[in-house]
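In the text below, chain A, chain B and the rest are named by the order of the sequence lines, each starting its count at 1.
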Amino acid sequence: MKKITNLKEFACTPDRFQGGHRLCPGCAHSMIVREVVNATDDDLVISTATGCLEVCSAIYPYTSWDVSWIHVGFENAAAAISGAEAMYKALSRKDKLYNEDRRVKFVAFGGDGGTYDIGFQSLSGAVERGHDFLYVCLDNENYANTGGQRSSATPIGAHTSTSPRGRVSYGEKQKKKDITMIMAAHGAPYVATAVPSTKHWKDLATKAAKAISTVGPTFINALSPCTTEWKFKPEETTEIADLAVETCVFPLYEIEDGRKLRITYRPKDKLPVEEYLSKQGRFSHLFKPENKWIIEEWQKQVDDYWDYLQRREEAGV
Amino acid sequence: MATPKEMLTTWDKVQFGAVLPAFEDPEHKKRSKFHSYNYSVADWRVEKPVFNRELCIDCDFCWVSCPDSCFIVEEVVNKRGKKQAKIVGINYNLCKGCAVCVEVCPTPIKSLLMFPEYVDNDEALKQWPTKDNK
């Protein structure tokens, strides 16, 4: 496990995900990816599900990756990486000299569409089979690559192109699926949530280093603010990620062995959710008088969940 | 292994399973022409960040939050004999002008500021706000 002490030392790491990709200015995807791939010194094999990251980092004939990278379909990033891991294991068993002095780690990246909805069966299968890999979900709460359709990660009240706001509709009607707890329920050895905020860089980097060095399937759910579909200015990316943590909309915690939950960051003063919602254009209609009840509903859900996490941490089950 | 030049024909001649080599020489980290590091996204931006070395405290917040990895970092050894990263400049080929670095810069007078694309860097450093006039 790479020792991450301070940012001055961490910044000496040569970047393994280079610029020149065509993600939007201020996109949080590349912040998360850079921190994850820099959090280890071992060789990496990466697979990416179809989505913004795959489309933008490998526009033909260019590639942005300094590590081995494979592009697969929307639904099978986890299946492809488990196949690569099994192949590596089999070859090293047959031939002791195969890559003897090298330790290879396996990482899969998927958007929220490729994790929550379409790729869920292959992810669930790969975790159940117990392959040694890390799956990072870049959760931007919609299908941003194809024009912002709703996914099962979209929170209640959000405006997307398939759940538009207007006279009749107030936006998305369903709650966000709790993927982190679902992955923990699989019994994965390490499951965590993270944000790409500058204040919490160490949280993300240590979680990634820990997940990569853990033997067995691990999962990180990283919130990735999307400037285009959430409708905010590019420079506010880290600020919004920070607010998501400070308002407890996206609490930072980790779960070991599917049981031991630990909250890694507790906000000193919990801010009201309005602070987080008012920054984003997709929630601007919630501040109309007739939609006030949705904000109250939001606050209630966030408070309930935060209460649940704290109780679970205390109980240690 | 098919190279992209052979593949750049018509759709019906594109080969399956082609590999894009990121490095010409992996030992010396020499990047090939297929690496997006050698591609320029400079025409995306209307404003550019200008870096003032004199005000910088090397906190490296900009390095960790830059989505395009455009901060050029030099490894130096500090007084206590530990290695640390020193920001020396910005790779303007890769910068898209999102201004995240300016937002996260913690110094009282920011050591990174956005200027219009047509302003020369030396000219911008002369216009830098001073202590009395933030």
Side-chain angles (χ1 to χ4, degrees), chain A residues 5-35 37-38 56-71 196-202 204-205 224-225 227 233-239 241-242, chain B residues 3-5 7-8 14 17-23 26 29 31-42 44-45 58-71 73-76 78 82-87 91 93-106 114:
Chain A
T5 47
N6 57 41
L7 193 47
K8 289 182 181 184
E9 220 173 288
F10 186 55
C12 294
T13 322
D15 260 317
R16 293 203 271 182
F17 179 67
Q18 280 294 344
H21 52 73
R22 270 73 118 207
L23 289 162
C24 303
C27 182
H29 272 32
S30 43
M31 298 182 198
I32 299 165
V33 172
R34 279 184 63 214
E35 279 193 52
V37 296
N38 289 346
C56 298
S57 68
I59 289 183
Y60 186 81
Y62 291 102
T63 170
S64 303
W65 299 86
D66 284 3
V67 287
S68 318
W69 180 84
I70 181 169
H71 163 223
S197 151
T198 313
K199 194 174 158 191
H200 303 295
W201 73 268
K202 198 172 176 180
L204 172 52
S224 169
T227 61
K233 285 183 196 148
E235 67 262 32
E236 286 170 355
T237 309
T238 53
E239 199 186 328
D242 212 10
Chain B
T3 58
K5 203 182 171 189
M7 289 165 65
L8 268 179
V14 169
V19 174
L20 289 180
F23 290 107
K29 296 257 167 195
R31 296 195 171 84
S32 72
K33 60 181 173 176
F34 308 122
H35 203 293
S36 70
Y37 184 79
N38 296 323
Y39 180 81
S40 174
V41 286
W44 286 36
R45 61 172 189 261
D58 284 323
C59 66
D60 299 322
F61 281 176
C62 49
W63 177 87
V64 78
S65 29
C66 178
D68 299 296
S69 9
C70 54
F71 283 90
V73 169
E74 207 173 73
E75 203 179 306
V76 292
N78 66 4
K82 283 182 181 165
K83 64 174 184 179
Q84 89 171 53
K86 184 186 173 191
I87 310 279
N91 187 341
N93 271 344
L94 305 181
C95 178
K96 292 171 187 156
C98 64
V100 166
C101 50
V102 177
E103 196 77 4
V104 300
C105 188
M114 297 304 279

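Looking at B/Ser36, its side chain does come within 3.5 Å of a backbone N or O of A/Gly19 through a donor-acceptor pair. Of the possible polar contacts, none joining the A/His29 side chain to the B/Pro67 backbone as a donor-acceptor pair under 3.5 Å is found. B/Lys82 places no side-chain N or O within donor-acceptor distance of the main-chain N or O of A/Glu9, the cut-off being under 3.5 Å. The closest donor-acceptor contact from the side chain of B/Ser69 to the backbone of A/Phe17 lies under 3.5 Å.
With chain B as partner, the option from A/Cys24, A/Gly26, A/Pro196 having the largest number of non-hydrogen pairs under 4.5 angstrom is A/Gly26. When each of A/Arg22, A/Lys199, A/His71 is checked for heavy-atom pairs under 4.5 Å with chain B, A/Arg22 comes out on top. With chain A as the partner, the residue from B/Val76, B/Leu94, B/Val73, B/Val41 showing the most heavy-atom pairs under 4.5 Å is B/Leu94. Of the listed residues (A/Ile32, A/Leu23, A/Asn38), the one with the most heavy-atom contacts under 4.5 Å to chain B is A/Leu23. With chain B as the partner, the residue from A/Ala58, A/Ser57, A/Ser197, A/Pro25 showing the most heavy-atom pairs under 4.5 Å is A/Pro25. The residue among B/Asp58, B/Val64, B/Asn91 with the most heavy atom pairs within less than 4.5 Å of chain A is B/Val64.
The distance from the NZ atom of B/Lys86 to the SG atom of A/Cys12 is 12.5 Å, given to the nearest 0.5 Å.
Residue contact with chain B, scored on non-hydrogen atoms closer than 4.5 Å, involves the side chain of A/Thr238 exclusively. At a 4.5 Å heavy-atom cutoff, A/Asn6 makes no contact with chain B through either its backbone or its side chain. Contact of A/Cys27 with chain B is made through the backbone alone, with heavy-atom distances under 4.5 Å. The parts of B/Trp63 that come within reach of chain A are both its backbone and its side chain, each placing non-hydrogen atoms under 4.5 angstrom from that chain. Looking at B/Val104, only its side chain comes within 4.5 Å of chain A, counting heavy atoms on both sides. Heavy-atom distances place no part of B/Cys95 under 4.5 Å from chain A, backbone and side chain included. Neither the backbone nor the side chain of B/Arg45 comes within contact range of chain A, judged by heavy atoms closer than 4.5 Å. Only the side chain of A/Glu35 comes within contact range of chain B, judged by heavy atoms closer than 4.5 Å.
Looking at every heavy atom in both residues, B/Ala22 comes nearest to A/Trp65 through CB-O, 3.3 Å. Nearest heavy atom pair, residue A/Leu7 against residue B/Cys59, reads CD2-O, 3.4 Å.
Between B/Val100 and A/Met31, some side-chain heavy-atom pair lies under the 4.5 Å cut-off. Proximity of A/Gln18 to B/Arg31: side-chain heavy atoms (C-beta onward) are separated by under 4.5 Å at one or more points.
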Side chain to side chain contact (heavy atoms under 4.5 Å, CB included) between B/Phe23 and A/Asp66, intermediate numbers included: CA-CA 8 Å; B/Phe23 290 107; A/Asp66 284 3; 3.5 Å; yes
